[in-house]
Each structure stands twice: as C-alpha cells, then as structure tokens.
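Reviewing the structure listed below.
Whatever order the structure lists ligands and atoms in, that order sets their numbers, starting from 1. Atom set for the values below is all heavy atoms of this structure, side chains included, hydrogens, waters and symmetry mates excluded. As the structure is a prediction and not an experimental result, all values here were calculated from the model.
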Amino acid sequence: MNRYTTIIIGGGLGGLLCGILLSKKGQKVCILEKHKHVGGNLQGFTRKGEYFDTGMHYIGTHKPGSILHKVFEIFGANEFLDTQDLDSNGFDTISFRGKDYKFAVGFENFEKQMIDYFPSEKDGIIRYVKTIRDIYKSLSIDTIFNPILENQHLCESAYEFISSCTSNEALQNVLAGNSPLYAGEKSITSLYMHALISGFYIEGAARFVGGSHQFAEKLAAQITENGGCVKTDCEIVSLNIKDSKISSCTDTKGTVYEAESFVSSIHPAVLMKIIPETGLRKAYQKRIENLKNTTGIFTVYAVMKPDTFPYINSNFYVYRNNDVWLSKETESDTFPSSYIFMTSAQTKQQQFAKTIKIMTYMNFEQVRRWENTLKKKRGEDYENFKIQKAEQILQAVGEKFEGFREKVQEYYTSSPLTFRDYTATPEGSIYGIVRDFHKQAESYIPVRTKIPNLFLTGQNINLHGILGVSIVSLLSCSAVLGYNIRE
Ligand SMILES: Cc1cc2nc3c(=O)[nH]c(=O)nc-3n(C[C@H](O)[C@H](O)[C@H](O)COP(=O)(O)OP(=O)(O)OC[C@H]3O[C@@H](n4cnc5c(N)ncnc54)[C@H](O)[C@@H]3O)c2cc1C
C-alpha cells in the first residue's frame with residue numbers, strides 16, 4: 001500500500017532536505033521524482049567517462065559557526081558536503097574592461113583588496129563592506145523564522161546602494177561582478193538579495209569535489225536509512241482532493257500515492273497545472289502562473305586535451321561589455337556579452353583541468369522555435385544553433401585565455417530547453433521566480449497554502465541556492481510538523 005505520512009513531490013535539493021528532516025523526525029516519508037536521478041539542479045551527466053555538473057557548482061561558507069553549517073546541523077547533513085575551498089585571495093575573479101579583480105575571502109581581506117584596486121574609493125568601499133556584512137550577519141537561526149517581508153533591505157535597490165557608496169563606474173560594476181549568482185538586474189534586484197549572497201561567499205567559498213550529484217545521492221541514501229523511500233522515474237500528474245484536503249497524488253503510470261501531508265518542491269506554476277480547479281482560489285492560481293521567471297542559460301561543457309590547461313581555483317566572471325547587470329540590452333549585445341568560466345575539481349589536488357564549464361545567459365526566446373521538440377530529437381537546425389553559439393563562446397574565451405580553442409578536445413552543450421526538460425522549470429529558468437524589490441509582497445509565496453495539508457518548498461519560495469533552499473526547507477518542515485523545528 002502506497003501510504004505515507006508525508007509525500008514530497010520533486011527530489012531536488014528542497015525535496016531532499018525536507019525528506020531528510022521529516023524522516024529524521026520519525027515521519028514515514030516518500031519522495032517522488034520525475035527524472036531518472038534525484039538532485040534536480042544538483043544533477044550531472046557523464047560522457048565518455050568525464051563527469052559534468054549542470055547546476056550548482058560552488059557554495060558559500062559552511063565552516064562550523066556559519067549560518068549554513070548551523071542550518072545543516074538541524075538536517076544532519078553537514079557530513080555530506082564534499083568540497084574544496086576556493087583560492088582565499090580570489091575565489092571569484094571579475095574580469096571587467098580588460099582588467100582582473102579578485103574577490104578575497106573574509107570581509108577584511110575583501111575590503112583591503114578592493115581598496116588596493118581603487119585606493120581613492122576607500123570610504124565608499126568601507127561603507128559597502130560594512131553594510132553587506134551587517135545584512136548577511138543579521139541572518140541567524142532565530143531570524144530565519146521571522147517573516148521575510150519584514151526585512152527593510154528587501155525593498156531597497158542593490159544597484160542604488162552600490163551607487164551611493166561610489167560614483168566610480170568600474171568599482172560599481174566590480175562589486176556586482178558575480179551578480180549572475182542571482183541573475184541580478186539593475187532595476188529590480190534588492191539590496192537584501194545582493195548582500196546575503198555576496199556575504200555568504202565572501203565569508204568562504206568552496207567548490208564541490210567530484211560533482212554535486214554525490215551530495216544529492218548521500219541525502220537520498222540517508223532518507224532511506226531513516227526509513228523513508230525515494231522513487232525516481234515517477235512524474236506526478238495530478239493531486240487528488242477529498243474533503244477539501246489533498247488525499248493522494250497520481251503518477252504517469254496511474255499509480256496512486258496516499259499521505260496525510262504533501263510537500264511540493266516543484267515550480268509553483270507547474271503545481272497549479274496538476275491541482276484540480278476546485279483546489280485553490282482562481283486569483284491565487286493566476287497570480288502564481290503570471291509571476292516572471294529568471295532568465296535561462298547556455299552552457300558549454302568542455303573536455304580539455306590532457307595537461308594543456310591549468311586547474312584554476314577561482315571562478316571567472318568575464319564581461320565583454322560595460323555593464324555587469326543583466327538587462328535586455330546586454331542580451332542583444334555581441335554574443336556572449338559575458339560568461340562564467342570554471343575549471344571543475346575532480347580531486348582535491350589537481351594541476352590540470354580535465355573539464356571546464358562555461359555559462360552565459362540565454363533568454364528562452366532564442367530557443368522558442370524548438371519549444372515543442374523533445375530531448376535529443378530537436379533536429380539538425382537546433383544542433384547547428386548550439387554549435388554556432390558554442391563556437392562563439394569558445395572564441396570569446398580564447399580572447400581571455402590565449403590558445404584556449406586548440407586545447408579543447410571536445411565539448412557538449414545545454415540550452416534553456418535542456419533545463420526545462422530536465423528540471424521541469426518553465427522556460428528553463430535558472431533560479432525560478434524573479435524577486436523584484438518594488439513588488440516584494442507580490443512575488444512572495446508562503447510555504448503554507450489554503451489547502452491545509454499542502455505545503456510548498458524549494459527555490460521558488462523566497463530564495464534560491466544552497467542557502468536559500470535550505471532555509472526554506474526548514475520553514476516548510478516546521479509548517480508540516482506544526483511546530484518551529486528549533487523548539
Ligand atoms: C546553471 C545553474 C547554476 C547554479 N549554480 C549555483 C551555485 O553555484 N550555488 C548555489 O548555491 N546554487 C546554484 N544554483 C541554484 C541551485 O542549484 C538551485 O537553487 C537549487 O538546486 C534548487 O533546488 P530545488 O529543489 O528548489 O529545485 P530543483 O533542483 O529544480 O528540483 C525540483 C525537482 O522536481 C522534479 N519535478 C518537477 N516536476 C515534477 C513532477 N511533476 N513530479 C515529480 N518530480 C518533479 C524535477 O525533476 C527536479 O528534480 C544554480 C542553478 C543553476 C540552474
């Protein structure tokens with residue numbers, strides 16, 4: 001009999017974290033994942049023996065005492081993270097107008113290094129770093145449970161704050177140089193989002209070793225050990241309602257799963273499509289369906305000729321234009337107007353890069369003409385489109401790292417269509433729902449719904465990334481259990 005205490009739809013980070021905590025609390029939990037593997041954006045793929053991460057690749061600090069470590073302590077998941085610290089003098093390198101600026105680990109070091117680059121901007125840099133640190137440090141296990149909308153910095157603009165610290169355009173851009181971590185847009189990104197993510201990485205940045213999929217697999221194994229189950233190849237196509245509550249859900253094969261509570265970690269707009277019309281108010285459904293999503297991404301996964309390109313313990317954010325923020329204008333610039341370049345860590349001591357990932361923003365409009373095609377069957381014109389884009393990217397990388405193209409043995413690519421089909425995110429959006437500081441209340445989605453036993457979790461609820469999704473998972477589990485998880 002497929003009957004559980006809680007069923008979790010979707011086995012990405014959000015679903016797995018909820019699964020681990022609820023099963024630890026003694027619930028009989030079952031995770032139902034559409035894809036062949038768990039992980040969602042923690043998935044990777046292997047070609048000819050080489051492994052590639054597709055989504056999450058590096059995280060901020062998870063050292064004892066950090067917020068992530070404390071949150072993971074509650075899940076019992078700290079031991080599952082296998083990472084390597086990135087270069088403490090430059091975990092990220094921002095390449096802007098032909099010059100490299102390194103982000104140092106630690107607020108003091110970061111400040112000092114920025115002052116070295118921009119000595120005349122000392123006062124503004126000090127103010128910037130203090131504000132970022134204060135906002136980031138205000139996040140604690142206690143404040144996590146405060147209503148997120150109470151934070152004043154959610155309604156302030158990141159761009160305007162940075163501009164108030166310095167009028168130096170290069171410095172303004174450098175400080176926001178790793179804004180692709182949150183698809184930052186000048187006109188909508190809040191200071192809170194910028195500060196939380198920047199502060200998290202400045203305090204310590206680390207890369208997954210051997211692939212982020214291992215983390216997902218360890219979480220799934222622990223759920224099974226706790227008495228729960230994880231079913232893959234199990235796409236949920238309907239939620240069934242009885243007496244104003246969700247009684248069960250059904251997968252594509254017609255199998256029915258019953259539970260007392262249901263947690264959805266899938267994109268809320270996708271959830272709206274599988275809930276019966278009687279389930280939620282029309283106005284709520286419409287609001288969710290109309291929320292804007294973040295942009296998509298095009299990735300080149302390069303296999304390097306042996307011992308030709310060094311392993312670099314830093315992520316490069318390379319800008320070929322004059323503005324680091326995402327905007328319609330930057331999208332139409334010469335492609336790629338910017339890209340992220342990362343050598344992958346297969347082991348902890350690595351001299352040469354075996355594989356390299358290069359990512360650039362790509363709006364869904366660029367691939368819309370193939371939106372009704374299936375994976376691996378999109379046709380020759382799509383394959384040619386991808387080759388053309390990949391070659392443009394490799395050429396751009398060659399402008400930064402001389403002779404790069406010749407060192408690439410072969411490559412694979414993914415587009416927003418790939419993400420749409422592997423994670424079921426509308427239009428292959430990278431981080432799900434857009435957060436606009438002008439409309440915080442509108443884009444805010446609570447973990448509880450009007451259906452008393454249906455809860456939400458995952459990157460679309462509040463914040464994406466390892467930190468955001470972990471915090472949301474704590475809130476979702478507290479709502480399911482009916483008490484603050486800390487008590
Ligand atoms: C390219 C890229 C790079 C990133 N880099 C970083 C990074 O460096 N650091 C960082 O912290 N974050 C990063 N992120 C963000 C981070 O990966 C995500 O925020 C996080 O993994 C989202 O987890 P989730 O569980 O909310 O959603 P997802 O990972 O999307 O999981 C949802 C799951 O639900 C499943 N599903 C969907 N529909 C159904 C259905 N009907 N039935 C059953 N299952 C279903 C999907 O298959 C999927 O497995 C990156 C994301 C992307 C795309």
Side-chain angles (χ1 to χ4, degrees), residues 7-19 30-44 52-60 62 68 81 83 86 92 178 180-183 196-197 200-201 205-208 212-213 215-216 219-220 230-239 249-252 257 263-271 273-275 294-299 301 315 340 342 357-362 414 416 418-426 428-433 456-470 472-473 476:
I7 279 175
I8 297 163
I9 304 167
L13 180 62
L16 290 168
L17 287 174
C18 286
C30 184
I31 295 192
L32 305 174
E33 165 56 46
K34 164 185 189 252
H35 196 49
K36 269 199 291 266
H37 308 283
V38 288
N41 282 307
L42 296 172
Q43 284 175 81
F52 301 91
D53 273 331
T54 57
M56 193 180 291
H57 32 262
Y58 76 119
I59 63 174
H62 66 104
L68 187 63
L81 280 171
T83 58
L86 283 158
D92 282 345
N178 59 7
L181 278 170
Y182 44 94
L196 219 55
I197 295 179
F200 179 48
Y201 284 92
R207 207 173 246 177
F208 282 101
S212 60
H213 71 292
F215 174 47
L219 291 172
V230 179
K231 290 186 196 288
T232 50
D233 252 331
C234 183
E235 179 176 358
I236 297 306
V237 286
S238 74
L239 290 177
C249 60
T250 310
D251 70 9
T252 42
Y257 301 87
V263 178
S264 168
S265 73
I266 66 180
H267 193 290
V270 177
L271 176 70
K273 292 194 170 54
I274 61 173
I275 285 195
T294 47
T295 175
I297 204 154
F298 185 90
T299 307
Y301 307 89
N315 306 307
I340 310 172
M342 294 172 172
K357 199 166 127 174
I358 310 148
M359 293 175 277
T360 187
Y361 287 135
M362 184 179 274
S414 69
T418 322
F419 276 91
R420 180 199 67 175
D421 292 348
Y422 277 93
T423 62
T425 306
S429 150
I430 17 180
Y431 304 131
I433 290 167
L456 307 180
T457 201
Q459 68 172 359
N460 297 287
I461 318 299
N462 294 348
L463 189 64
H464 65 282
I466 194 162
L467 183 60
V469 173
S470 308
V472 173
S473 301
S476 309

| message | Could you check, using the six-membered ring where one of them is a Trp, whether Y422 and H35 have ring centers closer than 6.0 angstrom? | response |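 Yes, ring centres under 6.0 Å apart.
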Within this structure, what is the [atom1]-[atom2] distance for the pair [X] and [Y], rounded to the nearest 0.5 Å?
{"X": "I236", "Y": "C249", "atom1": "CD1", "atom2": "SG", "value": "4.0 Å"}
{"X": "S212", "Y": "L81", "atom1": "OG", "atom2": "CG", "value": "10.5 Å"}
{"X": "D92", "Y": "Y201", "atom1": "CG", "atom2": "OH", "value": "8.5 Å"}

| task | Run through L467, I461, L456 and flag the one making a side chain to side chain contact (heavy atoms under 4.5 Å, CB included) with V472. | result |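 Per the side chain to side chain contact (heavy atoms under 4.5 Å, CB included) rule, the option paired with V472 is I461, out of L467, I461, L456.
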Check: every ligand 1 N/O to protein N/O pair under 3.5 Å:
{"residue": "ligand 1", "atom": "8 (O)", "partner": "H57", "partner atom": "N", "Å": "3.2"}
{"residue": "ligand 1", "atom": "8 (O)", "partner": "H57", "partner atom": "NE2", "Å": "3.2"}
{"residue": "ligand 1", "atom": "8 (O)", "partner": "Y58", "partner atom": "N", "Å": "3.2"}
{"residue": "ligand 1", "atom": "8 (O)", "partner": "Y58", "partner atom": "O", "Å": "3.0"}
{"residue": "ligand 1", "atom": "9 (N)", "partner": "Y58", "partner atom": "O", "Å": "2.8"}
{"residue": "ligand 1", "atom": "9 (N)", "partner": "Y201", "partner atom": "OH", "Å": "3.3"}
{"residue": "ligand 1", "atom": "11 (O)", "partner": "I466", "partner atom": "N", "Å": "2.8"}
{"residue": "ligand 1", "atom": "19 (O)", "partner": "Q459", "partner atom": "OE1", "Å": "2.7"}
{"residue": "ligand 1", "atom": "19 (O)", "partner": "G465", "partner atom": "N", "Å": "2.8"}
{"residue": "ligand 1", "atom": "25 (O)", "partner": "L13", "partner atom": "N", "Å": "3.1"}
{"residue": "ligand 1", "atom": "25 (O)", "partner": "G14", "partner atom": "N", "Å": "2.8"}
{"residue": "ligand 1", "atom": "26 (O)", "partner": "Q459", "partner atom": "N", "Å": "2.7"}
{"residue": "ligand 1", "atom": "29 (O)", "partner": "N41", "partner atom": "N", "Å": "2.8"}
{"residue": "ligand 1", "atom": "29 (O)", "partner": "N41", "partner atom": "ND2", "Å": "3.4"}
{"residue": "ligand 1", "atom": "41 (N)", "partner": "I236", "partner atom": "O", "Å": "3.1"}
{"residue": "ligand 1", "atom": "42 (N)", "partner": "I236", "partner atom": "N", "Å": "3.0"}
{"residue": "ligand 1", "atom": "44 (N)", "partner": "K34", "partner atom": "N", "Å": "3.1"}
{"residue": "ligand 1", "atom": "47 (O)", "partner": "E33", "partner atom": "OE2", "Å": "2.7"}
{"residue": "ligand 1", "atom": "49 (O)", "partner": "E33", "partner atom": "OE1", "Å": "2.6"}
{"residue": "ligand 1", "atom": "49 (O)", "partner": "E33", "partner atom": "OE2", "Å": "3.2"}
{"residue": "ligand 1", "atom": "49 (O)", "partner": "G40", "partner atom": "N", "Å": "3.4"}

| request: Check for a donor-acceptor pair, side chain of S265 on one end and backbone N or O of G10 on the other, with a separation under 3.5 Å. | output: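 Present.
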